[in-house]
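Numbers restart at 1 for each chain; the letters A, B, ... are given by sequence-line order, proteins then strands. Keep in mind it's a predicted model, so treat the numbers as computed, not measured.
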Amino acid sequence: MSPLGLRQVYDRLLHAQGPQGWWPAETPVEMAIGAILTQNTAWTRVEVAMANLRGAGLLDARRLADLPTDVLAKHLRPSGYFNLKARRLKALAAFLADELDGDPSRLARMPLDQARARLLAVPGVGRETADSILLYAAGHPIFVIDAYTRRLVERLRLADPTAPYDDLRDRFERELPRDAALYNDFHAQIVIHAKDRCRKKPRCQACPLRPDCAVASGGTE
DNA sequence: TCCCAGGTGTCTC
DNA sequence: GAGACACATGGG
């Protein structure tokens, strides 16, 4: 069992990194598109594909849904799995266009369970992708469990990192207040920490998750 | 050259 | 239900 509670972990990350107010996209539609494109892919590759879509005027659910799969796949090539993601993105875009007037933030008007079930019924939208859209595009209070979150869980021995997705999500949601802004920022803190600190400096002596962390105790990096 | 990156669906046992 | 595998590019 970790000596740190989840709230304490969040407070340390927040203190060290500052509030993130985060999902690296401009609009709810871009967030939903990014949630598909980032599946098992580094975000740097997603940004290239997103730039292609933006340049082609395709950051729009109806246009994406109507585009031939092979044409869309060409735009998505830099993000990897481009044939697969073209099919998945068209399926999500069709759902958004047909049922939400192209605006994923309209999921906020539905009860969370209903909105999640609707998303999970879209081919290629699994738990993590659905929850990313629900939290970041629609503002529902649901915690996103991704590879970064599992690594944090493993490192701090918060739970079994191989536990089923919903078990880990329940763990976070039980121990934290039901607050979309908190879940949004906590997940962002985990990602930023993993990418900017621990991945580049695995032996970082100023890691805010260390008990003797200089950053968390008010020292300097 | 090899490993890895913010998953999901399908198939097999 | 669990595990293996396919899906693909490009940076380090």
Side-chain angles (χ1 to χ4, degrees), chain A residues 9-10 13 17 20-26 28 30-53 69-95 104 116-138 140 142-156 158-169 171-172 180 183-204:
Chain A
V9 170
Y10 173 67
L13 290 169
Q17 303 177 150
Q20 299 299 315
W22 178 86
W23 172 273
E26 298 295 323
E30 288 185 39
M31 290 173 186
I33 294 170
I36 293 287
L37 298 188
T38 198
Q39 290 174 356
N40 206 31
T41 301
W43 186 260
T44 51
R45 307 310 311 154
V46 175
E47 288 177 326
V48 179
M50 289 285 277
N52 289 345
L53 295 177
T69 305
D70 60 329
V71 175
L72 179 55
K74 287 189 173 73
H75 292 292
L76 303 185
R77 175 175 281 273
S79 72
Y81 304 112
F82 49 85
N83 291 315
L84 188 64
K85 288 178 180 175
R87 291 196 299 274
R88 290 179 178 178
L89 186 52
K90 273 175 62 73
L92 177 62
F95 166 72
R116 192 170 194 245
R118 299 279 290 276
L119 280 170
L120 289 174
V122 177
V125 175
R127 290 175 175 80
E128 184 188 327
T129 303
D131 293 351
S132 294
I133 294 169
L134 290 167
L135 176 63
Y136 288 105
H140 275 295
I142 191 163
F143 205 94
V144 176
I145 305 297
D146 59 9
Y148 290 135
T149 312
R150 286 186 187 273
R151 274 182 228 136
L152 183 83
V153 164
E154 180 175 24
R155 181 179 170 200
L156 298 183
L158 298 166
D160 174 7
T162 65
Y165 182 96
D166 286 322
D167 289 359
L168 283 177
R169 183 170 63 83
R171 170 67 198 281
F172 276 77
Y183 295 172
N184 178 323
D185 197 59
F186 196 167
H187 180 241
Q189 298 287 350
I190 291 170
V191 175
I192 297 296
H193 173 261
K195 286 206 277 200
D196 292 353
R197 192 182 299 273
C198 281
R199 186 142 176 264
K200 292 174 183 171
K201 306 179 205 172
R203 297 176 199 284
C204 173

Trainee: In whole angstrom, give the distance that lies between atom CZ of A:R150 and atom P of B:dC4.
Mentor: 18 Å
Trainee: Specify the separation, in whole Å, of atom CG of A:L89 and atom P of B:dG7.
Mentor: 17 Å
Trainee: Which part of the nucleic acid, if any, lies within reach of A:V48 when heavy atoms closer than 4.0 Å are counted: base, sugar-phosphate only, or nothing?
Mentor: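 A:V48: no heavy atom of the nucleic acid under 4.0 Å.
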Trainee: Using OP1 and OP2 only, check whether a side-chain N or O of A:N40 sits under 4.0 Å from B:dT8.
Mentor: no
Trainee: On DNA chain B, does the nearest nucleotide to A:P24 precede the nearest nucleotide to A:L120 from the 5' side, or the other way round? Give the residue.
Mentor: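 Comparing both residues, the 5'-ward one is A:P24.
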Trainee: What is the separation between atom CZ on A:F82 and atom C1' on B:dG7, rounded to the nearest whole Å?
Mentor: 18 Å
Trainee: Of the candidate nucleotides B:dA5, C:dT9, C:dA8, which contains the atom at the shortest distance from the side chain of A:Y148?
Mentor: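 In terms of side-chain proximity for A:Y148, the closest of B:dA5, C:dT9, C:dA8 is B:dA5.
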Trainee: Can you tell me, in whole Å, how much space there is between the P of C:dC5 and that of B:dC3?
Mentor: 16 Å
Trainee: Select from A:T41 and A:T44 the residue whose nearest nucleotide in DNA chain C is closer to the 5' end of that strand.
Mentor: A:T41
Trainee: Under a 3.5 Å distance rule, please check whether A:S79 uses its side chain to pair with a backbone N or O of A:R77 as donor and acceptor.
Mentor: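 No; zero donor-acceptor contacts below 3.5 Å.
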Trainee: So that I know where these two stand, are A:F172 and A:Y183 an aromatic pair - ring centroids less than 6.0 Å apart?
Mentor: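 Not close enough - the centres of the two rings lie 6.0 Å or further apart.
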Trainee: Rounded to whole angstroms, how far apart are CD on A:Q39 and P on B:dT8?
Mentor: 5 Å
Trainee: Return no unless some side-chain N or O of A:R45 is found under 4.0 Å from OP1 or OP2 of C:dT9.
Mentor: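 So the side chain of A:R45 is outside the cut-off, no N or O lying under 4.0 Å from OP1 or OP2 of C:dT9.
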Trainee: Would you find a donor on one side and an acceptor on the other, under 3.5 Å apart, between the side chain of A:R169 and the backbone of A:F143?
Mentor: no
Trainee: Measure the distance from CD on A:E128 to P on B:dT8 and round it to the nearest whole Å.
Mentor: 6 Å
Trainee: Do the side chain of A:K85 and the main chain of A:L76 share a donor and acceptor less than 3.5 angstrom apart?
Mentor: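 Such a contact is absent between A:K85 side chain and A:L76 backbone.
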Trainee: Within this structure, what is the OH-to-P distance between A:Y81 and B:dG7, rounded to whole angstrom?
Mentor: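 My rounded result for the distance is 9 Å.
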Trainee: Taking 4.0 Å as the cut-off, does a side-chain nitrogen or oxygen of A:T129 come that near to OP1 or OP2 on B:dT8?
Mentor: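 Yes, A:T129 has a side-chain N/O under 4.0 Å of OP1/OP2 on B:dT8.
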Trainee: Going by heavy atoms in the side chains, are A:L119 and A:T129 under 4.5 Å from each other?
Mentor: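 They are not in contact (no side-chain heavy atoms under 4.5 Å apart), so the answer is no.
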Trainee: For A:P123 and A:Y136, take the nucleotide of DNA chain B holding the closest heavy atom to each; which residue's nucleotide lies nearer the 5' end?
Mentor: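 So the residue in question is A:Y136.
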Trainee: Whole-Å distance between B:dG9 C1' and A:K85 NZ?
Mentor: 15 Å
Trainee: Please report, rounded to the nearest Å, how far the P atom of B:dT8 is from the CZ atom of A:R127.
Mentor: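 Distance, rounded to whole Å: 9 Å.
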Trainee: In whole Å, what separates the P atom of C:dA8 from that of B:dT10?
Mentor: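 Their P atoms lie roughly 15 Å apart.
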